[in-house]
Amino acid sequence: QPSAATEWRNNWTLVLAALAGMMLSALATGSIGVMMEPLEREFGWSRTEIASGPALVSLVAMALATGVGLGIDRIGARRVGIAAAVLMCAAIGLMASTSAALWHWLALWSLVGLAAAAMPTVWLVPISGTFAASRGLALAVALSGTGLTNALVPIVTHSLVESHGWRVAYMGIAALWAVCILPLVVL
């Protein structure tokens, strides 16, 4: 069995990709706090109506998690991870197209939930299968991605909302995370 140092030397890129994937998994919920006020102002929705979108993510993810787990076992974490990452970036970008119809907002959050159903499982399965001596540390590093996103995305989102509006902010954070994270996940 390889030592912890050998595992890290041979597989650090896997942990980096999993960290990036976990960062992506928190993108939608990390930005909602900044988006509340502009959405309230434009559509007249209550905060409860706006927050029903992120709440829907949990329900969709919970309903689909078992099937996603089976898919990961059947076709592999890499393929499912790439599909989930692309879908998450696309769903966040599509938030910019939200209309005044609340069902449209909820439908877009359902797409986020579809992508979220694969996370964090899709990012942690390869680490668990690759690391033994340093599995706990590798998992901890990967899982810290959600904290990084929750620290960074409100700052970036607020800046984009202030300078360009909430629609461009959704497109901007989707594009920024896609450019930074998708190459890591694909490679």
Side-chain angles (χ1 to χ4, degrees), residues 16-65 81-124 140-185:
L16 182 62
L19 170 77
M22 289 303 299
M23 289 181 73
L24 183 59
S25 73
L27 185 59
T29 55
S31 63
I32 193 66
V34 176
M35 298 299 193
M36 284 273 188
E37 186 180 325
L39 290 167
E40 272 183 313
R41 202 174 29 236
E42 182 160 336
F43 299 124
W45 295 338
S46 69
R47 289 183 179 252
T48 303
E49 289 171 321
I50 295 167
S52 63
L56 187 59
V57 171
S58 297
L59 295 174
V60 172
M62 182 179 61
L64 299 176
I82 291 169
V86 169
L87 180 58
M88 182 66 79
C89 291
I92 304 270
L94 284 171
M95 295 281 191
S97 70
T98 300
S99 68
L102 187 60
W103 70 265
H104 188 213
W105 175 250
L106 296 176
L108 291 169
W109 278 98
S110 294
L111 284 177
V112 172
L114 183 60
M119 302 175 193
T121 308
V122 74
W123 312 121
L124 302 183
V141 170
L143 287 170
S144 69
T146 56
L148 286 170
T149 292
N150 286 326
L152 295 173
V153 78
I155 297 166
V156 173
T157 304
H158 178 73
S159 176
L160 288 170
V161 168
E162 288 294 311
S163 59
H164 302 292
W166 69 269
R167 291 183 190 275
V168 172
Y170 267 128
M171 290 187 292
I173 61 173
L176 179 62
W177 259 253
V179 166
C180 294
I181 291 173
L182 285 178
L184 290 173
V185 173

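Each residue takes its place number in the sequence, starting with 1.
At least one donor-acceptor pair closer than 3.5 Å links the side chain of Glu49 to the backbone N or O of Ser46. Between the side chain of Thr149 and the main chain of Thr146, no donor-acceptor pair closer than 3.5 Å is present. Thr157 places no side-chain N or O within donor-acceptor distance of the main-chain N or O of Pro154, the cut-off being under 3.5 Å.
Ala28 approaches Ile92 most closely through the heavy-atom pair CB-CD1, 3.3 Å. When all heavy atoms of Ala84 and Ala115 are compared, the pair lying nearest together is O-CB, 3.6 Å. Between Pro54 and Thr29, the shortest heavy-atom contact is CB-CG2, 4.4 Å. For the pair Ala169 and Met35, the tightest heavy-atom approach, listed with the atom from each and the gap, is CB-CE, 3.6 Å. Pairing each heavy atom of Ser52 with each of Leu106, the nearest pair is OG-CD2, 3.3 Å. Across Leu182 and Ala85, no two heavy atoms sit closer than the pair CD2-CB, 3.3 Å.
Leu27 CG to Ile173 CD1: the interatomic distance, rounded to the nearest 0.5 Å, is 4.5 Å. Taken from SG in Cys89 to CE in Met171, the straight-line distance is 14.5 Å, to the nearest 0.5 Å. Within the model, atoms CG of Leu124 and CE of Met22 stand 6.0 Å from one another, a figure rounded to the nearest 0.5 Å. Residue Met36 holds its CE atom at 10.5 Å from OG of Ser31, rounded to the nearest 0.5 Å. Remark: Glu40 CD to Arg47 CZ distance equals 4.0 Å, nearest 0.5 Å.
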Test side chain to side chain contact (heavy atoms under 4.5 Å, CB included) applied to Leu108 and Val112, step by step: CA-CA 7 Å; Leu108 291 169; Val112 172; over 6 Å; no
CA sep, side-chain torsions, deciding dist, call: Ile181, Met23, side chain to side chain contact (heavy atoms under 4.5 Å, CB included): CA-CA 8 Å; Ile181 291 173; Met23 289 181 73; 3.9 Å; yes
Worked check of side chain to side chain contact (heavy atoms under 4.5 Å, CB included) between Leu19 and Trp123: CA-CA 8 Å; Leu19 170 77; Trp123 312 121; over 6 Å; no
Side chain to side chain contact (heavy atoms under 4.5 Å, CB included) evaluation trace for Leu39 with Trp105: CA-CA 10 Å; Leu39 290 167; Trp105 175 250; 3.3 Å; yes
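A side-chain donor-acceptor contact under 3.5 Å links Trp166 and Glu42. Looking at His104 and Thr98, their side chains never bring a donor and an acceptor atom within 3.5 Å of each other.
Residues Tyr170 and Leu160 form no side-chain contact, since every pair of their non-hydrogen atoms from C-beta on lies 4.5 Å or further apart.
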